[in-house]
Amino acid sequence: MPELPEVETIARGLAKRITGDAIDSVWLGEKRDLLKSPAAEIATTLEQTKIASIHRAGKHIVFDLERIEDSGKHTSRAPGKRAKSNGVSPKSQFIVHLGMTGRLQICDPQTEIEKHTHAILKLGSGRELRFVDPRRFGRLSVAKAADFDAGGVEPLEIDLERFIPLFRGRKTPIKSALLNQKLLRGVGNIYADESLFRAGIRPLRKASTIKLSQLEKLFVAVQEVLKEAIALGGSSVSDYVDAEGKEGFFQLQHRVYAREDEPCLVCKTPIKRIVIGGRSSHYCPKCQK
DNA sequence: ACTATTTCCTGGATGC
DNA sequence: TGCATCCAGGAAATAG
């Protein structure tokens, strides 16, 4: 399940491989629940553009697109008349959320089309960018210019002074607050659990009752966990692989996630699993207060 | 303004 | 072996 470190890894891999490539044409499947914008709008926004850059915003992959001006070679547009006169190509964005099982694959056109392929972008280089998502929790959308707003703040860009107030007065469990994308964007179930373990805070603790010194530890823990995970290419649980089909290795560093009943790596107490807001949450009852 | 709960979806695992 | 049931998860919608 791709969270910030996995999405970062994927975005970097995609950037390396298809930045500068063109999107010639777009095919979208029948399943429209994946589309946040109308299919026709997505297709026309993507077609005949150049991929100027690719980056991550929270758990979203953002493609910055520049429209390719058809410079009159094949059109009958009057000389000197251009779509835009300021010399800047109109910009737009293609935004992909992978949900739980979404994947973006770069492949040759003759590669067999996998089951649950919902979108195929034909690239100028002859390759294809395909979106595959069996469970269909992923989402595709487009935005004008640089309009896309992913919600809260980037956990790796925020400082302590802006981190602390995010939790002020919140009665919700700290685990739920960490998962709230309107506060911090990009933290998901794995990294919330791992951060809370490192900070020594139980996931059920009400956010507002956590002391400043503990929030400071949490701030450090969140950044540490995310940075380490990015360095290892993310966590490969289920069948996660990056843009090149490579696995990440941070799952080997998990101290609580999916370790129910296994001994705590610090104190040997069995790790507990509880459900908070429908999410399974793992913690050490001795190390976390 | 906030919080808790429900809904979406399918493959894999489990149980009988 | 086969069938039914449950579970995983993020985010949006709904209800309180």
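Not measured: the values here are computed from a predicted model. Just so it is clear: chains get the letters A, B, ... in the order the sequence lines come, proteins before strands, and each one is counted from 1.
Nucleic acid contact for A:Lys115: sugar-phosphate only, since backbone atoms but no base atoms lie under 4.0 Å from a heavy atom of the residue. At the heavy-atom level, A:Gly277 lies nowhere under 4.0 Å from the strands shown. No contact: A:Arg139 has no heavy atom under 4.0 Å from any strand. When heavy atoms are screened at a 4.0 angstrom cut-off, A:Arg136 is found touching the sugar-phosphate backbone but no base atom.
A:His55 and A:Asp64 share a donor-acceptor pair across their side chains, judged by distance under 3.5 Å alone. With hydrogens and angles left out, the side-chain atoms of A:Ser281 and A:Lys175 include a donor and acceptor closer than 3.5 Å. With hydrogens and angles left out, the side-chain atoms of A:Arg170 and A:Thr172 include no donor and acceptor closer than 3.5 Å.
Each of A:Val275 and A:Val187 has a nearest nucleotide on DNA chain C; the 5'-most of these lies closest to A:Val275. Nearest-nucleotide assignment on DNA chain B puts the 5′-proximal partner with A:Asn180, out of A:Asn180 and A:Arg135. Checking A:Ser176 against A:Arg279, the closest nucleotide of DNA chain B that is more toward the 5' end is the one next to A:Ser176.
For residues 39-54 of chain A, no pair satisfies salt bridge (charged side-chain N to carboxylate O under 4.0 Å, His left out), with sequence neighbours left out.
For DNA chain C, the neighbouring residues in residues 32-41 of chain A, judged by any heavy atom under 4.0 Å, are A:Lys36.
Other cluster members for A:Val266: A:Phe197, A:Val256, A:Ile271, joined by side-chain heavy-atom distances under 4.5 Å among Ile, Leu, Val, Met, Phe, Trp and Tyr.
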Can you give me the N/O atom pairs linking the protein to nucleotides 14-16 of chain C at distances under 3.5 Å, or say none if there are none?
none

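Taken from CG in A:Leu98 to CD1 in A:Ile61, the straight-line distance is 4.5 Å, to the nearest 0.5 Å.
Under the salt bridge (Lys or Arg N to Asp or Glu O under 4.0 Å) criterion, A:Lys122 pairs with A:Glu128, sequence neighbours left out. Under the ring-ring contact (aromatic ring centres under 6.0 Å, His included) criterion, A:Phe137 pairs with no residue, sequence neighbours left out.
Straight-line distance from the CG atom of A:Leu179 to the P atom of C:dA8: 14 Å, rounded to whole Å. Rounded to an integer number of Å, the gap from A:Arg273 CZ to C:dA8 C1' is 10 Å. The separation between A:Leu98 atom CG and C:dG9 atom C1' is 13 Å, rounded to whole Å.
The aromatic ring of A:Phe137 stacks onto the base of C:dG10, its centre lying under 5.5 Å from the centre of the six-membered base ring with the two planes under 30° apart.
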